[in-house]
Asker: 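Have a look at this one before I ask anything.
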2 protein chains.
Amino acid sequence: MPNHENTETVRDKAQEARPLDAFDRRILGELAVDAGLSYAELGHRAGLSAPAVHERVKRLRATGRIRGTVAVLDGPTTGKPFLAFVHVDSTGWGKTQELLALSELPEVEEIHSVAGDTCMLLKVRCASSRALEGLLARLYALPSVKATRSYVVLSTFLERTPQAGITSALEEAPLVAPPGDVSG
Amino acid sequence: MPNHENTETVRDKAQEARPLDAFDRRILGELAVDAGLSYAELGHRAGLSAPAVHERVKRLRATGRIRGTVAVLDGPTTGKPFLAFVHVDSTGWGKTQELLALSELPEVEEIHSVAGDTCMLLKVRCASSRALEGLLARLYALPSVKATRSYVVLSTFLERTPQAGITSALEEAPLVAPPGDVSG
DNA sequence: CAATTGCTCCGAATGAGATTCCTTTCTTCA
DNA sequence: TGAAGAAAGGAATCTCATTCGGAGCAATTG
(Lines give C-alpha, C1' and ligand atoms only; values in the text may rest on other atoms or scores of the structure.)
Protein backbone atom coordinates (compact mmCIF):
# COMPACT_ATOMS: atom_id res chain seq x y z
CA MET A 1 0.00 0.00 0.00
CA PRO A 2 1.46 3.33 -1.05
CA ASN A 3 2.12 5.97 1.52
CA HIS A 4 -0.15 8.89 0.81
CA GLU A 5 1.32 11.23 3.35
CA ASN A 6 4.72 10.79 1.90
CA THR A 7 3.42 11.45 -1.57
CA GLU A 8 1.70 14.60 -0.47
CA THR A 9 4.82 15.82 1.24
CA VAL A 10 6.80 15.37 -1.91
CA ARG A 11 4.16 17.15 -3.91
CA ASP A 12 4.04 20.08 -1.51
CA LYS A 13 7.77 20.38 -1.58
CA ALA A 14 7.72 20.47 -5.34
CA GLN A 15 5.02 23.10 -5.39
CA GLU A 16 6.16 25.64 -2.92
CA ALA A 17 9.09 24.77 -0.69
CA ARG A 18 11.67 24.37 -3.40
CA PRO A 19 14.70 26.37 -2.37
CA LEU A 20 15.54 28.08 -5.68
CA ASP A 21 18.56 26.38 -7.16
CA ALA A 22 21.23 28.16 -9.19
CA PHE A 23 19.28 27.77 -12.44
CA ASP A 24 16.21 29.41 -10.97
CA ARG A 25 18.17 32.29 -9.55
CA ARG A 26 19.96 32.85 -12.81
CA ILE A 27 16.67 32.88 -14.69
CA LEU A 28 15.10 35.26 -12.19
CA GLY A 29 18.10 37.52 -12.42
CA GLU A 30 17.87 37.80 -16.17
CA LEU A 31 14.11 38.26 -16.27
CA ALA A 32 14.18 40.95 -13.59
CA VAL A 33 16.34 42.99 -15.95
CA ASP A 34 14.75 42.09 -19.27
CA ALA A 35 11.60 40.03 -19.52
CA GLY A 36 11.64 40.29 -23.29
CA LEU A 37 14.31 37.63 -23.70
CA SER A 38 13.36 34.60 -25.74
CA TYR A 39 13.32 31.26 -23.98
CA ALA A 40 16.07 30.13 -26.31
CA GLU A 41 18.34 33.02 -25.31
CA LEU A 42 17.39 32.59 -21.68
CA GLY A 43 18.22 28.91 -21.86
CA HIS A 44 21.53 29.70 -23.50
CA ARG A 45 22.50 32.03 -20.65
CA ALA A 46 21.36 29.65 -17.97
CA GLY A 47 22.74 26.53 -19.58
CA LEU A 48 19.41 24.87 -20.25
CA SER A 49 17.17 24.17 -23.20
CA ALA A 50 14.23 26.35 -24.10
CA PRO A 51 11.58 23.91 -22.88
CA ALA A 52 13.46 23.46 -19.61
CA VAL A 53 13.55 27.17 -18.82
CA HIS A 54 9.96 27.46 -19.93
CA GLU A 55 8.99 24.82 -17.42
CA ARG A 56 10.93 26.59 -14.68
CA VAL A 57 9.53 30.01 -15.49
CA LYS A 58 6.04 28.55 -15.46
CA ARG A 59 6.71 27.14 -12.00
CA LEU A 60 8.26 30.38 -10.77
CA ARG A 61 5.13 32.17 -11.84
CA ALA A 62 2.81 29.58 -10.31
CA THR A 63 4.60 29.68 -6.98
CA GLY A 64 4.53 33.46 -6.85
CA ARG A 65 8.24 34.07 -7.14
CA ILE A 66 7.46 36.00 -10.30
CA ARG A 67 4.56 38.28 -9.48
CA GLY A 68 4.04 39.51 -13.03
CA THR A 69 5.57 41.05 -16.09
CA VAL A 70 5.25 44.79 -16.55
CA ALA A 71 6.45 47.59 -18.79
CA VAL A 72 8.49 50.10 -16.81
CA LEU A 73 7.29 53.58 -17.66
CA ASP A 74 9.45 56.67 -17.48
CA GLY A 75 7.91 59.13 -15.06
CA PRO A 76 9.07 62.44 -16.54
CA THR A 77 8.34 61.67 -20.19
CA THR A 78 4.97 60.17 -19.40
CA GLY A 79 3.82 63.33 -17.70
CA LYS A 80 4.68 62.75 -14.04
CA PRO A 81 8.03 64.38 -13.28
CA PHE A 82 7.41 64.95 -9.56
CA LEU A 83 8.47 62.13 -7.29
CA ALA A 84 8.24 62.25 -3.50
CA PHE A 85 8.33 60.07 -0.43
CA VAL A 86 5.76 61.00 2.18
CA HIS A 87 6.03 59.97 5.81
CA VAL A 88 2.67 59.87 7.51
CA ASP A 89 2.13 60.03 11.25
CA SER A 90 -1.33 58.73 12.01
CA THR A 91 -3.24 58.22 15.20
CA GLY A 92 -5.28 55.14 15.92
CA TRP A 93 -3.57 51.98 14.90
CA GLY A 94 -5.63 50.05 12.40
CA LYS A 95 -7.11 53.12 10.82
CA THR A 96 -4.80 52.48 7.92
CA GLN A 97 -7.76 51.34 5.85
CA GLU A 98 -8.33 54.94 4.93
CA LEU A 99 -4.80 55.24 3.64
CA LEU A 100 -5.16 52.08 1.59
CA ALA A 101 -7.97 53.71 -0.32
CA LEU A 102 -5.31 55.91 -1.86
CA SER A 103 -4.23 52.87 -3.86
CA GLU A 104 -6.87 53.87 -6.34
CA LEU A 105 -4.83 56.90 -7.33
CA PRO A 106 -2.31 56.04 -10.03
CA GLU A 107 -0.05 58.66 -8.46
CA VAL A 108 0.46 56.46 -5.40
CA GLU A 109 3.00 53.77 -6.15
CA GLU A 110 3.86 52.37 -2.76
CA ILE A 111 2.31 52.17 0.69
CA HIS A 112 4.29 50.63 3.53
CA SER A 113 3.92 50.52 7.26
CA VAL A 114 7.33 51.06 8.80
CA ALA A 115 9.07 50.93 12.13
CA GLY A 116 10.72 54.12 13.25
CA ASP A 117 9.56 57.58 14.16
CA THR A 118 6.79 57.44 11.58
CA CYS A 119 3.89 55.12 10.84
CA MET A 120 3.30 54.89 7.12
CA LEU A 121 5.51 55.61 4.17
CA LEU A 122 4.18 56.52 0.72
CA LYS A 123 5.90 56.82 -2.60
CA VAL A 124 4.00 59.13 -4.94
CA ARG A 125 4.61 60.38 -8.46
CA CYS A 126 2.66 63.40 -9.68
CA ALA A 127 2.24 65.55 -12.74
CA SER A 128 2.95 68.82 -10.95
CA SER A 129 3.79 70.30 -7.61
CA ARG A 130 0.18 71.35 -7.40
CA ALA A 131 -0.90 67.75 -7.80
CA LEU A 132 1.46 66.83 -5.00
CA GLU A 133 -0.15 69.52 -2.91
CA GLY A 134 -3.54 68.11 -3.74
CA LEU A 135 -2.41 64.68 -2.69
CA LEU A 136 -1.18 65.98 0.64
CA ALA A 137 -4.51 67.74 1.03
CA ARG A 138 -6.24 64.40 0.62
CA LEU A 139 -3.97 62.93 3.23
CA TYR A 140 -4.72 65.65 5.75
CA ALA A 141 -8.40 65.24 5.05
CA LEU A 142 -8.22 61.82 6.68
CA PRO A 143 -9.16 62.01 10.37
CA SER A 144 -6.38 59.70 11.49
CA VAL A 145 -3.59 61.61 9.77
CA LYS A 146 -1.73 63.67 12.31
CA ALA A 147 1.24 64.97 10.38
CA THR A 148 3.25 64.31 7.24
CA ARG A 149 6.79 64.91 6.16
CA SER A 150 7.58 64.95 2.46
CA TYR A 151 10.90 64.25 0.80
CA VAL A 152 10.79 65.55 -2.75
CA VAL A 153 13.18 63.74 -5.05
CA LEU A 154 15.66 66.00 -6.82
CA SER A 155 17.50 63.33 -8.79
CA THR A 156 17.04 59.62 -9.19
CA PHE A 157 20.27 57.73 -9.64
CA LEU A 158 18.91 54.20 -9.45
CA GLU A 159 15.41 52.82 -9.57
CA ARG A 160 14.60 49.21 -10.25
CA THR A 161 12.42 46.32 -9.19
CA PRO A 162 13.60 43.59 -6.80
CA GLN A 163 16.69 41.83 -8.07
CA ALA A 164 17.44 38.15 -7.74
CA GLY A 165 21.01 38.45 -6.53
CA ILE A 166 21.99 38.08 -2.89
CA THR A 167 25.28 39.48 -1.63
CA SER A 168 26.44 36.86 0.81
CA ALA A 169 29.29 39.09 1.93
CA LEU A 170 26.77 41.32 3.65
CA GLU A 171 25.92 38.55 6.06
CA GLU A 172 29.50 37.84 7.01
CA ALA A 173 31.86 39.68 9.34
CA PRO A 174 29.46 40.99 11.97
CA LEU A 175 30.38 44.32 13.51
CA VAL A 176 30.23 43.00 17.04
CA ALA A 177 30.72 39.47 18.24
CA PRO A 178 27.37 37.77 18.75
CA PRO A 179 26.47 36.69 22.31
CA GLY A 180 28.50 33.68 23.32
CA ASP A 181 30.99 34.27 20.57
CA VAL A 182 33.88 34.89 22.88
CA SER A 183 37.20 35.34 21.15
CA GLY A 184 40.41 34.53 22.96
CA MET B 1 9.91 79.85 -50.02
CA PRO B 2 9.48 76.91 -47.69
CA ASN B 3 10.00 77.46 -44.03
CA HIS B 4 12.81 75.21 -42.92
CA GLU B 5 12.44 75.98 -39.30
CA ASN B 6 8.87 74.97 -39.45
CA THR B 7 9.78 71.67 -41.09
CA GLU B 8 12.35 70.91 -38.46
CA THR B 9 9.93 71.76 -35.75
CA VAL B 10 7.43 69.34 -37.15
CA ARG B 11 10.03 66.62 -37.39
CA ASP B 12 11.24 67.17 -33.86
CA LYS B 13 7.71 67.14 -32.60
CA ALA B 14 7.08 63.82 -34.28
CA GLN B 15 10.22 62.32 -32.81
CA GLU B 16 10.11 63.32 -29.22
CA ALA B 17 7.63 66.00 -28.28
CA ARG B 18 4.49 64.12 -29.16
CA PRO B 19 2.10 64.71 -26.30
CA LEU B 20 0.82 61.19 -25.69
CA ASP B 21 -2.72 60.98 -27.03
CA ALA B 22 -5.47 58.91 -25.45
CA PHE B 23 -4.45 55.76 -27.34
CA ASP B 24 -0.88 55.99 -26.10
CA ARG B 25 -1.94 56.52 -22.54
CA ARG B 26 -4.34 53.62 -22.66
CA ILE B 27 -1.63 51.37 -24.06
CA LEU B 28 0.86 52.51 -21.44
CA GLY B 29 -1.70 51.93 -18.72
CA GLU B 30 -2.32 48.37 -19.78
CA LEU B 31 1.34 47.50 -20.30
CA ALA B 32 2.34 48.94 -16.94
CA VAL B 33 0.05 46.36 -15.35
CA ASP B 34 0.64 43.41 -17.65
CA ALA B 35 3.25 43.46 -20.36
CA GLY B 36 2.37 39.92 -21.38
CA LEU B 37 -0.71 40.96 -23.29
CA SER B 38 -0.79 40.09 -26.96
CA TYR B 39 -0.90 42.93 -29.42
CA ALA B 40 -4.27 41.68 -30.57
CA GLU B 41 -5.71 41.88 -27.05
CA LEU B 42 -4.03 45.21 -26.47
CA GLY B 43 -5.46 46.55 -29.69
CA HIS B 44 -8.88 45.29 -28.71
CA ARG B 45 -8.77 47.16 -25.40
CA ALA B 46 -7.43 50.33 -26.97
CA GLY B 47 -9.68 50.26 -30.02
CA LEU B 48 -6.93 49.74 -32.56
CA SER B 49 -5.58 46.95 -34.72
CA ALA B 50 -2.62 44.84 -33.73
CA PRO B 51 -0.20 46.46 -36.19
CA ALA B 52 -1.28 49.91 -35.05
CA VAL B 53 -0.57 49.23 -31.39
CA HIS B 54 2.64 47.51 -32.37
CA GLU B 55 3.73 50.66 -34.15
CA ARG B 56 2.82 52.81 -31.17
CA VAL B 57 4.54 50.56 -28.66
CA LYS B 58 7.64 50.57 -30.80
CA ARG B 59 7.58 54.36 -30.79
CA LEU B 60 6.93 54.52 -27.06
CA ARG B 61 9.98 52.35 -26.53
CA ALA B 62 12.12 54.35 -28.95
CA THR B 63 11.23 57.65 -27.33
CA GLY B 64 11.97 56.33 -23.84
CA ARG B 65 8.45 56.43 -22.50
CA ILE B 66 8.74 52.69 -21.98
CA ARG B 67 12.09 52.11 -20.32
CA GLY B 68 11.95 48.33 -20.50
CA THR B 69 10.01 45.19 -19.74
CA VAL B 70 10.83 43.33 -16.56
CA ALA B 71 9.60 40.44 -14.46
CA VAL B 72 8.53 41.65 -11.02
CA LEU B 73 10.04 39.36 -8.41
CA ASP B 74 8.54 38.73 -5.02
CA GLY B 75 11.00 39.76 -2.34
CA PRO B 76 10.08 37.37 0.47
CA THR B 77 9.77 34.20 -1.61
CA THR B 78 12.94 34.92 -3.54
CA GLY B 79 14.98 35.09 -0.39
CA LYS B 80 14.94 38.78 0.51
CA PRO B 81 12.19 39.43 3.06
CA PHE B 82 13.78 42.50 4.68
CA LEU B 83 12.86 45.81 3.11
CA ALA B 84 14.01 49.17 4.41
CA PHE B 85 14.30 52.81 3.46
CA VAL B 86 17.54 54.41 4.55
CA HIS B 87 18.00 58.15 4.88
CA VAL B 88 21.61 59.19 4.54
CA ASP B 89 23.07 62.45 5.79
CA SER B 90 26.33 63.05 4.00
CA THR B 91 28.86 65.83 4.13
CA GLY B 92 30.48 67.30 1.07
CA TRP B 93 28.06 67.87 -1.73
CA GLY B 94 29.08 65.96 -4.83
CA LYS B 95 30.64 63.12 -2.92
CA THR B 96 27.64 61.10 -3.90
CA GLN B 97 29.77 59.13 -6.33
CA GLU B 98 30.68 56.85 -3.48
CA LEU B 99 27.06 56.17 -2.79
CA LEU B 100 26.36 55.42 -6.43
CA ALA B 101 28.86 52.58 -6.26
CA LEU B 102 26.31 50.80 -4.12
CA SER B 103 24.28 50.30 -7.29
CA GLU B 104 26.37 47.22 -7.84
CA LEU B 105 24.69 45.53 -4.91
CA PRO B 106 21.48 43.81 -5.97
CA GLU B 107 20.14 44.62 -2.52
CA VAL B 108 20.03 48.33 -3.39
CA GLU B 109 16.95 49.06 -5.46
CA GLU B 110 16.72 52.82 -5.41
CA ILE B 111 19.02 55.79 -4.82
CA HIS B 112 17.56 59.28 -4.82
CA SER B 113 18.79 62.67 -3.77
CA VAL B 114 16.00 64.44 -1.94
CA ALA B 115 15.11 67.80 -0.54
CA GLY B 116 14.36 67.90 3.13
CA ASP B 117 16.26 67.24 6.31
CA THR B 118 18.24 64.48 4.65
CA CYS B 119 20.45 64.20 1.59
CA MET B 120 20.09 60.79 0.03
CA LEU B 121 17.37 58.20 0.24
CA LEU B 122 17.96 54.51 -0.39
CA LYS B 123 15.57 51.63 -0.80
CA VAL B 124 17.20 48.34 0.07
CA ARG B 125 15.96 44.75 0.20
CA CYS B 126 18.03 42.18 2.05
CA ALA B 127 18.05 38.53 2.91
CA SER B 128 18.35 39.05 6.66
CA SER B 129 18.60 41.66 9.32
CA ARG B 130 22.28 40.87 9.46
CA ALA B 131 22.63 41.69 5.80
CA LEU B 132 20.89 44.97 6.44
CA GLU B 133 23.38 45.60 9.20
CA GLY B 134 26.20 44.79 6.82
CA LEU B 135 24.80 47.24 4.31
CA LEU B 136 24.65 49.99 6.91
CA ALA B 137 28.21 49.15 7.83
CA ARG B 138 29.22 49.72 4.23
CA LEU B 139 27.44 53.04 4.31
CA TYR B 140 29.20 54.19 7.43
CA ALA B 141 32.49 53.09 5.93
CA LEU B 142 32.14 55.88 3.38
CA PRO B 143 33.96 59.01 4.56
CA SER B 144 31.20 61.36 3.50
CA VAL B 145 28.44 59.55 5.33
CA LYS B 146 27.62 61.39 8.52
CA ALA B 147 24.52 59.63 9.77
CA THR B 148 21.73 57.36 8.63
CA ARG B 149 18.18 56.73 9.69
CA SER B 150 16.52 53.48 8.69
CA TYR B 151 12.85 52.78 8.31
CA VAL B 152 12.30 49.05 8.28
CA VAL B 153 9.17 48.03 6.46
CA LEU B 154 6.74 45.97 8.53
CA SER B 155 4.06 45.47 5.90
CA THR B 156 3.79 46.43 2.26
CA PHE B 157 0.26 47.25 1.17
CA LEU B 158 1.04 48.53 -2.30
CA GLU B 159 4.13 48.34 -4.46
CA ARG B 160 4.13 48.96 -8.18
CA THR B 161 5.99 50.64 -10.99
CA PRO B 162 4.99 54.05 -12.41
CA GLN B 163 1.43 54.06 -13.68
CA ALA B 164 0.18 55.87 -16.75
CA GLY B 165 -2.90 57.45 -15.20
CA ILE B 166 -3.00 61.07 -14.10
CA THR B 167 -5.61 62.24 -11.61
CA SER B 168 -6.57 65.64 -12.91
CA ALA B 169 -8.65 66.31 -9.82
CA LEU B 170 -5.45 66.62 -7.83
CA GLU B 171 -4.52 69.72 -9.79
CA GLU B 172 -7.84 71.43 -9.27
CA ALA B 173 -9.24 73.27 -6.27
CA PRO B 174 -6.09 74.80 -4.85
CA LEU B 175 -5.98 75.21 -1.11
CA VAL B 176 -5.24 78.90 -1.34
CA ALA B 177 -5.99 81.30 -4.15
CA PRO B 178 -2.95 81.80 -6.36
CA PRO B 179 -1.40 85.30 -6.46
CA GLY B 180 -3.54 87.62 -8.52
CA ASP B 181 -6.50 85.31 -8.34
CA VAL B 182 -8.65 87.75 -6.47
CA SER B 183 -12.20 86.58 -5.97
CA GLY B 184 -14.99 89.11 -5.58
C1' DC C 1 -9.19 75.50 -54.90
C1' DA C 2 -6.73 71.42 -56.18
C1' DA C 3 -2.88 68.46 -55.68
C1' DT C 4 0.78 66.60 -53.21
C1' DT C 5 3.07 64.95 -49.18
C1' DG C 6 3.40 62.69 -44.91
C1' DC C 7 1.30 60.07 -41.38
C1' DT C 8 -1.31 56.39 -39.44
C1' DC C 9 -4.49 53.13 -39.85
C1' DC C 10 -6.05 48.30 -41.34
C1' DG C 11 -5.99 43.46 -43.60
C1' DA C 12 -3.28 39.83 -45.17
C1' DA C 13 0.98 37.09 -45.36
C1' DT C 14 5.17 35.41 -43.38
C1' DG C 15 8.30 34.11 -40.09
C1' DA C 16 9.93 33.57 -35.38
C1' DG C 17 9.22 31.75 -31.18
C1' DA C 18 6.21 29.89 -27.50
C1' DT C 19 4.20 25.68 -26.16
C1' DT C 20 3.41 20.78 -26.18
C1' DC C 21 4.60 15.95 -26.62
C1' DC C 22 7.56 12.24 -26.05
C1' DT C 23 11.72 9.97 -24.95
C1' DT C 24 15.78 9.65 -22.07
C1' DT C 25 18.37 10.17 -17.91
C1' DC C 26 19.20 10.79 -13.15
C1' DT C 27 17.95 10.52 -8.58
C1' DT C 28 15.38 8.57 -4.75
C1' DC C 29 13.03 5.24 -2.22
C1' DA C 30 11.43 0.57 -1.23
C1' DT D 1 18.53 -4.22 -7.20
C1' DG D 2 14.30 -2.64 -9.09
C1' DA D 3 10.79 0.85 -9.52
C1' DA D 4 9.00 5.46 -9.62
C1' DG D 5 9.14 10.40 -9.87
C1' DA D 6 11.28 14.56 -11.58
C1' DA D 7 13.38 17.01 -14.99
C1' DA D 8 15.95 17.81 -19.30
C1' DG D 9 16.42 17.73 -24.39
C1' DG D 10 14.81 17.19 -29.29
C1' DA D 11 11.20 17.63 -32.53
C1' DA D 12 6.67 19.14 -34.00
C1' DT D 13 2.88 22.32 -33.85
C1' DC D 14 0.59 26.33 -33.31
C1' DT D 15 -0.02 30.90 -31.73
C1' DC D 16 1.44 35.41 -32.25
C1' DA D 17 4.81 39.02 -33.44
C1' DT D 18 6.32 41.36 -37.42
C1' DT D 19 6.29 43.00 -42.05
C1' DC D 20 4.27 44.53 -46.38
C1' DG D 21 1.17 46.94 -49.24
C1' DG D 22 -2.79 49.81 -49.84
C1' DA D 23 -6.32 53.33 -48.21
C1' DG D 24 -8.01 57.29 -45.61
C1' DC D 25 -7.03 61.79 -43.57
C1' DA D 26 -4.81 66.16 -42.43
C1' DA D 27 -1.72 69.64 -43.39
C1' DT D 28 0.90 72.14 -46.73
C1' DT D 29 1.96 74.05 -51.12
C1' DG D 30 1.44 75.79 -55.76
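Just so we're on the same page: letters track the sequence lines, and every chain starts at 1.
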Asker: Please determine if A/Lys123 and B/Glu110 form a salt bridge, counting it only when a charged side-chain N lies under 4.0 Å from a carboxylate O.
Answerer: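 A salt bridge is present here (some side-chain N lies under 4.0 Å from a carboxylate O).
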
Asker: CD of A/Glu55 versus P of D/dG5: gap in Å, rounded?
Answerer: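 Those two atoms, CD and P, are 17 Å apart.
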
Asker: Taking only the side-chain heavy atoms of B/Pro51 (C-beta and beyond), determine which of C/dC9, C/dG11, C/dT20 contains the nearest atom.
Answerer: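 It is C/dG11.
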
Asker: Between A/Arg59 (CZ) and C/dT19 (C1'), how many Å, whole number?
Answerer: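 Rounded to whole Å, this separation is 16 Å.
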
Asker: Rounding to an integer number of Å, can you tell me how far A/His54 NE2 sits from D/dT13 C1'?
Answerer: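 Atom-to-atom, A/His54 to D/dT13, this comes out as 14 Å.
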
Asker: What nucleotide among D/dG9, D/dC16, C/dT8 has an atom nearest to a side-chain atom of B/Ser38?
Answerer: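 Output: D/dC16.
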
Asker: Hey, do the aromatic rings of B/His87 and A/His87 have their centres closer than 6.0 Å?
Answerer: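 Aromatic pair counts; centres sit under 6.0 Å.
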
Asker: May I have the distance from A/Tyr39 (atom OH) to D/dG9 (atom C1'), rounded to whole angstrom?
Answerer: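 Atom-to-atom, A/Tyr39 to D/dG9, this comes out as 17 Å.
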
Asker: From CZ of A/Arg26 over to P of D/dA8, roughly how many Å is that when rounded to an integer?
Answerer: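 Rounding to the nearest Å, CZ of A/Arg26 and P of D/dA8 are 16 Å apart.
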
Asker: With a 4.0 Å cut-off on N to O distance, would you call B/Arg56 and B/Asp21 a salt bridge?
Answerer: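 Salt bridge: yes.
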
Asker: To the nearest Å, give me how far apart CZ (A/Phe23) and C1' (D/dA7) are.
Answerer: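 Those two atoms, CZ and C1', are 11 Å apart.
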
Asker: What's the NZ-P distance between B/Lys58 and C/dC9, to the nearest Å?
Answerer: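 It works out to 12 Å between those atoms.
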
Asker: Counting side-chain heavy atoms from C-beta on, which of C/dC10, C/dC9, D/dG9 comes nearest to B/Arg56?
Answerer: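 Selected nucleotide (nearest to the side chain): C/dC9.
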
Asker: Expressed as a whole number of angstroms, how long is the span from B/Asp24:CG to C/dC7:P?
Answerer: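 Distance, rounded to whole Å: 16 Å.
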
Asker: Hey, is A/Glu30 close enough to A/Arg45 for a salt bridge, meaning N to O under 4.0 Å?
Answerer: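 Yes.
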
